Amino acid sequence: MSKRDKFHDIVKQALEREGWTITHDPYVFKTDPKLAADLGAERLMAAERGYERIVVEIKSFLNSSQVFDLEAAIGQYAVYQVFLQRKDPERKLYLAVPHHALDNILSREVGQTVIEALKINLVVYSLAEEQPLLWKPQ
């Protein structure tokens, strides 16, 4: 199981401010070796629609190479997507990235192409206090 991302608490608090209940911290898959995404959360939609459930993998993009960070994030996202489909297919997987990643590598051709082709759901967080999340589902 991996250690918590540097910005784990920022994303967790932002989700809670937006009405999400954190259901898992971490969200553990029953695998060998054990895998875990950072958070599981749910939020009541309109009463007739029930709960919306998500799993969030948080990434910081703090390495000197954002291409390396993108490759690592996409690989982890793909692995978790496979196991989430088996364990809990009604949950949507999101990759949480900071604004500086969206403004840099994810706005360039490589990032845009990969995100669109692999249909990766993004949630963009700010390092500034109490900024709303930017949701980019595919």
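Everything numeric in this text was worked out from a predicted model, so none of it was measured.
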Check: How many angstroms lie between CG in L44 and CH2 in W20, if you round to the nearest 0.5 Å?
Finding: 10.5 Å
Margin query: Testing V56, V123, T21 one by one against L15 for a side-chain contact (heavy atoms from CB on, under 4.5 Å), which residue passes?
Written below: V56
Check: Looking at T113 and E109, what are the two nearest heavy atoms and their distance?
Finding: OG1-O, 2.7 Å
Next item on the list: Nearest 0.5 Å please: distance from the CG atom of D103 over to the CZ atom of R108.
Entry: 12.5 Å
Item checked: Sub-4.5 Å side-chain heavy-atom contact between Q76 and K59 -> yes
Notebook entry, point to check: Taking a hydrophobic cluster as the set of Ile, Leu, Val, Met, Phe, Trp and Tyr residues connected by side-chain heavy atoms closer than 4.5 Å, whether directly or through intermediates, do I22 and Y51 fall within one such cluster?
Noted result: no
Notebook entry, point to check: Are V79 and V97 linked, directly or through other ILVMFWY residues, by side chains that come within less than 4.5 angstrom of each other?
Noted result: yes
Notebook entry, point to check: Looking at V55 and R91, what are the two nearest heavy atoms and their distance?
Noted result: CG2-CD, 3.5 Å
Item checked: Euclidean distance, H100 NE2 relative to S126 OG, rounded to 0.5 Å -> 11.0 Å
Notebook entry, point to check: In terms of the angle between their ring planes, are F29 and F83 parallel, tilted or perpendicular, with boundaries placed at 30° and 60°?
Noted result: tilted
Next item on the list: Would you check if Q131 and Y125 make a side-chain contact, meaning some heavy-atom pair closer than 4.5 Å?
Entry: no
Next item on the list: Flag yes if V124 and I74 sit in one hydrophobic cluster, no otherwise; membership is Ile, Leu, Val, Met, Phe, Trp, Tyr, and two members link when side-chain heavy atoms are under 4.5 Å apart.
Entry: yes
Notebook entry, point to check: Hey, are the side chains of Y27 and D38 touching, using non-hydrogen atoms and a 4.5 Å cut-off?
Noted result: no
Item checked: CZ (R43) with more than 12 external heavy atoms under 6.0 Å -> yes
Next item on the list: Work out which heavy atom in A36 is nearest to a heavy atom in Y80; give both atom names and the distance.
Entry: O-OH, 2.9 Å
Check: Side-chain heavy atoms under 4.5 angstrom apart, residues restricted to Ile, Leu, Val, Met, Phe, Trp, Tyr: same cluster for L62 and L95?
Finding: no
Margin query: Please tell me whether L133 and F7 are part of a single hydrophobic cluster in this structure, the criterion being side-chain heavy atoms less than 4.5 Å apart.
Written below: yes
Notebook entry, point to check: Closest heavy-atom contact between P137 and N121?
Noted result: CA-OD1, 3.5 Å
Check: When rounded to the nearest 0.5 angstrom, what distance separates CG in D69 from OG in S64?
Finding: 8.5 Å
Checklist line | Residue that, paired with R53, satisfies side chain to side chain donor-acceptor pair (under 3.5 Å) out of H24, E42, E90 | finding: E42
Next item on the list: Evaluate the side chain to side chain contact (heavy atoms under 4.5 Å, CB included) criterion for residues I120 and Q81: first the C-alpha distance (whole Å), next the side-chain angles of each, then the deciding distance (0.1 Å), finally the verdict.
Entry: CA-CA 10 Å; I120 295 174; Q81 184 65 42; over 6 Å; no
Next item on the list: Enumerate the residue pairs fulfilling salt bridge (charged side-chain N to carboxylate O under 4.0 Å, His left out) with a member in residues 14-27, sequence neighbours excluded, ordered by first and then second residue.
Entry: R4-D25, K12-D25
Margin query: Nearest 0.5 angstrom please: N104 CG to Q66 CD, how far?
Written below: 4.5 Å
Notebook entry, point to check: Any side-chain heavy atom of I10 sitting closer than 4.5 Å to one from L127?
Noted result: yes
Next item on the list: Provide the closest heavy-atom pair for Q112 versus L106 in the form atom of the first, atom of the second, distance.
Entry: CG-O, 3.3 Å
Checklist line | Greater than 12 external heavy atoms within 6.0 Å of K136's NZ | finding: no
Item checked: Side chain Y77, main chain Y94, donor-acceptor under 3.5 Å -> no
Checklist line | Heavy-atom side-chain contact between V110 and L70 under 4.5 Å | finding: yes
